[in-house]
Asker: 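Starting off with a structure, shown below.
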Amino acid sequence: MAIQKPSIPKGTRDFSPEIMAKRNFIFDTIKSVFKLYGFQAIETPAMENLSTLLGKYGEEGDKLLFKVLNSGDFLSDVSETELSERNLTKLSTQICEKGLRYDLTVPFARYVVQHRNDIQFPFKRYQIQPVWRADRPQKGRYREFYQCDVDVIGSNSLLNEVELVQIISDVFSKLGLNTITKLNNRKILSGIAEIIGQKDKIVDITVAIDKLDKIGLEAVNKELSEKGLPENAIEQLQPIINLSGNNYQKLDQLSQVLSQSEVGMKGISEMRTIFDYLSAIELNTEVELDLTLARGLNYYTGAIFEVKAKDYAIGSICGGGRYDDLTGIFGLKDVSGVGVSFGADRIFDVLSGLEQFPSSAQATTDLLFVNFGAKEEAYIMPILQKLRKAGINTELFPESDKMKKQMTYADKKSIPFVAIVGENEMTQGTISLKNMISGEQNTMNLEELIVFFKENKK
RNA sequence: GUGAGUGUAGCUCAGUUUGGUUAGAGCAUCGGAUUGUGGUUCCGAGGGUCGUGGGUUCAAGUCCCAUCAUUCACCCCA
C-alpha cells in the first residue's frame, strides 16, 4: 500500500498538550460552577438511534446529522427499485439506524424518559461531551465540538431561569470575559404573531427582525413582505421592531401592544419576574431583553438565552432556553425543562483571541531529574517517590542522554526546575536545583527541596 | 445547498504577472562548537510526486482544462 499523507476529517481537530491544558482550564471552570449550584454529571453515548434524533432539529437539522452506516450487508433490505429511485432520505433510514448526537439536549430528554423512575425530580444535570454536525466548517464552526450543557428538568419555577443567568455570570466572570446575556421569551413572540394575525410566521418574523443591525429597517420590512406578511401586519410590527429603553421600559411598551394576547402577557409577566429576581443579585454579565433572539424556536416554549462575548466577534458562546414538552415526544408528558449550553470551543477561540488564558492553564511538570546513568537512577527512584507523595509533579528523564538533550527537553516542556544528581551530589547527599528561568543553581537536601516547592507552588 | 479564495519543505510563505540552468527564505528538526548545564550566538546537515490528472510547448511550479483538498462568506448554528 502506498504511503498516505495522514489527515483528519474536515472540521475536526487534534488537541496538543498545550491546547489541552487550556481546554481543561475551561472545562474545569465550567464544571466547578455547575457543581456549585448542585448539578450532577451524566454522559450519554456518542451514537443514538437515528429515530431519536430525526425530526427534532427541523428540516435543516436532519440534513446536518451524521448517520452511521449499518454493519454487515446494509443493503440487504433495499430492493433494486428502491435503489434506482435514489430517494436519499428514505434510503438513509433503511441503511442507517444510528446517528452521531447533534446536541446534548435531545439525548438528555431521551435519558430522562428512559430513567424516569430512577430520577429524583427536579433533576439538575450537567453534561460535557462532544457533538457532531455535518455543517460546512468555517471560523468558529466545527464538525466536532464540545457542548457543556446544564439543565433543570421537572420544575416550572422561574427561579431556574434566574439561576442559569447566575451560572452564566459566574462562569464568564471566572474566565475573565465581558459578556452580554440576551433574553427573550417564546410566549412574547407568539403573542406578537397572534396580535398581527400571523401565527405561523413567528420564525420568519424573528429571523428578519434579527437582521435589523446588519441591514437596516427598510431591508427588514422588505424581507418581511417577501416572506408573505401583509402590509398592515408589518405596520403593526413597527413599534416592536423599534423597541427601546431599558428592560422594564421595553416590557411596558410590549404590554400595551400585546394586551389582547393572553400568551403574550404571560410571557411579559414571566420576564418581569425574572428581571425582578435578577435585580436583587450582583451579576457580571449585562442582561438585556432582545426580541430578535430566535434560536431553537423548534422546541423552546418560554425563556430563550444567548450569550455573546463583548470584546470578540464569534457568534454566541452560550445559548439555551425553556422547553415545556421536550420529553413529550418520547412519551413523558408535562415535564418542563430549562437549560443552557456553553460552547467550549468558541470560548476557547475567544480566550485565545484575547490572550486571556491564565498562566495556571499551562501546568506541567514541576521538576525534572537529569539522568546520568544506572547508578544515579537507582539512587533517585526513592527520591522521586517522596517528591510525588509531597504533591510535586516530578519526572526523571528516562535515558542517560547528553545533558544538552535533557536540558532542551526541560526547556521545551516549560519545566521550571531541573534537579541534577550525579556523583558529587550522591556522595554529599545533596541535590543541585537549577531554576530554568533565571538560570541560577542552588544545592540543598531533599527536605529543603520539598519545602522549597511547597512554598513556591502557592 | 450557494459564492469566493488558497494548494510549493514538518510549519509560515516567496517564486506564477512576462514559461527558460540544479525551486528559495524564515521558523522547526538533527549534528557540531560545548562528554555536568537548556533558553542567546556561530558553523553545518537532512528534508520537495511544486495537491492530483490531462493539455499547450523545444521547454510548465509558472499558461489552459478537469478533479480533489482546504479556508472564508451566505443559509443555519455552539
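Every heavy atom of this structure was used, including side-chain atoms; hydrogens, water molecules and symmetry mates were not. Protein chains get the first letters and strands the later ones, always in sequence-line order, with residue 1 at the start of each.
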Asker: Is there a stack between A/Y409 and B/rG38, judged by ring centres under 5.5 Å and planes under 30°?
Answerer: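 No; centroid distance or tilt outside limits.
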Asker: Distance between the C1' atoms of B/rG48 and B/rA14, in whole angstroms?
Answerer: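 Comparing C1' positions in B/rG48 and B/rA14 gives a spacing of 15 Å.
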Asker: Any pair with a residue in residues 12-39 of chain A that passes salt bridge (Lys or Arg N to Asp or Glu O under 4.0 Å), sequence neighbours left out, goes on the list, sorted by first then second residue, please.
Answerer: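 Those involving residues 12-39 of chain A are A/R13-A/D345, A/R23-A/D345.
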Asker: Among residues 429-439 of chain A, which residues get a heavy atom nearer than 4.0 Å to RNA chain B?
Answerer: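 The stretch gives A/K434, A/M436, A/I437, A/G439 as the residues lying under 4.0 Å from the strand, ordered by number.
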Asker: Indicate whether OP1 or OP2 belonging to B/rU71 is found under 4.0 Å from a side-chain N or O atom of A/Q138.
Answerer: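 Answer no for this pair, as no side-chain N or O of A/Q138 is under 4.0 Å from OP1 or OP2.
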Asker: Test of understanding: with side chain to side chain donor-acceptor pair (under 3.5 Å), list the residues that count as partners of A/D311, not counting sequence neighbours.
Answerer: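 Side chain to side chain donor-acceptor pair (under 3.5 Å) check on A/D311 returns A/N178.
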Asker: Does the side chain of A/E306 come under 3.5 Å of the side chain of A/T181 through a donor N or O and an acceptor N or O?
Answerer: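 There is no such pair between these side chains.
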Asker: Using a 3.5 Å limit for the pairing distances, which stems of at least 3 consecutive Watson-Crick or G-U wobble pairs does RNA chain B take part in?
Answerer: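 Consecutive-pair runs (3 or more) involving RNA chain B: B:1-7 with B:68-74, B:10-13 with B:24-27, B:29-33 with B:41-45, B:51-55 with B:63-67.
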Asker: Rounding to the closest angstrom, what is the interatomic distance between B/rC42 and B/rG24 at atom C1'?
Answerer: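 Roughly 23 Å separates the two C1' atoms.
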Asker: What I want to check is whether the side chains of A/Q129 and A/D149 have a donor and an acceptor closer together than 3.5 Å.
Answerer: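 No, no side-chain donor-acceptor contact under 3.5 Å.
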Asker: Check every atom of B/rG38, B/rU2, B/rA78 against the side chain of A/R136 and return the nucleotide holding the closest atom.
Answerer: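 Out of B/rG38, B/rU2, B/rA78, the nucleotide with an atom closest to A/R136's side chain is B/rU2.
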Asker: Going by side chain to side chain donor-acceptor pair (under 3.5 Å), name the pairs with one or both residues in residues 414-431 of chain A, residues two or more places apart or in two chains.
Answerer: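 Every pair satisfying side chain to side chain donor-acceptor pair (under 3.5 Å) with a residue in residues 414-431 of chain A: A/E425-A/S432.
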Asker: Scan residues 426-445 of chain A for pairs that pass ring-ring contact (aromatic ring centres under 6.0 Å, His included), counting only residues two or more places apart or in two chains.
Answerer: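 Qualifying pairs, neighbours excluded: none.
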Asker: Give one of base, sugar-phosphate or nothing for A/K10, where a contact means two heavy atoms less than 4.0 Å apart.
Answerer: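 A/K10: backbone/sugar contact only, no base atoms under 4.0 Å.
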Asker: Among residues 27-40 of chain A, which contact RNA chain B at a heavy-atom distance under 4.0 Å?
Answerer: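 When residues 27-40 of chain A is checked for heavy atoms under 4.0 Å from RNA chain B, there are no hits whatsoever.
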Asker: Tell me whether the NZ or CZ atom of A/R125 lies within the 45° cone about the ring axis of A/F39 and under 6.0 Å from its centre.
Answerer: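 Here A/R125 fails the 6.0 Å and 45° test against A/F39.
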Asker: Polar atoms only, N or O, under 3.5 Å: list the protein pairs with nucleotides 27-31 of chain B and their distances.
Answerer:
| from | atom 1 | to | atom 2 | distance (Å) |
| --- | --- | --- | --- | --- |
| B/rU29 | OP1 | A/K412 | NZ | 2.8 |

Asker: Kindly write out the residues that satisfy salt bridge (Lys or Arg N to Asp or Glu O under 4.0 Å) with A/R110, not counting sequence neighbours, or none if the list is empty.
Answerer: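 For A/R110, the residues satisfying salt bridge (Lys or Arg N to Asp or Glu O under 4.0 Å) (neighbours in sequence not counted) are A/E48.
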Asker: Please determine whether any donor N or O and acceptor N or O are separated by less than 3.5 Å between the side chain of A/D411 and the base of B/rG39.
Answerer: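 Result: no qualifying N/O pair found.
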Asker: Between B/rA73, B/rU37, B/rC76, which nucleotide gets closest to the side-chain atoms of A/Q441?
Answerer: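 Closest nucleotide among those given: B/rU37.
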Asker: Under the salt bridge (Lys or Arg N to Asp or Glu O under 4.0 Å) rule, what pairs show up with a residue in residues 159-175 of chain A, not counting sequence neighbours?
Answerer: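 Checked against salt bridge (Lys or Arg N to Asp or Glu O under 4.0 Å) - neighbours excluded - the pairs reaching residues 159-175 of chain A are A/K124-A/E163, A/E161-A/R322.
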Asker: According to salt bridge (Lys or Arg N to Asp or Glu O under 4.0 Å), who are the partners of A/K413, at least two apart in sequence or on a separate chain?
Answerer: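 Expected list: A/E395.
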Asker: What pairs of residues pass the salt bridge (Lys or Arg N to Asp or Glu O under 4.0 Å) test when at least one of them lies in residues 434-451 of chain A, not counting sequence neighbours?
Answerer: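 Passing the test, one end in residues 434-451 of chain A: no pairs.
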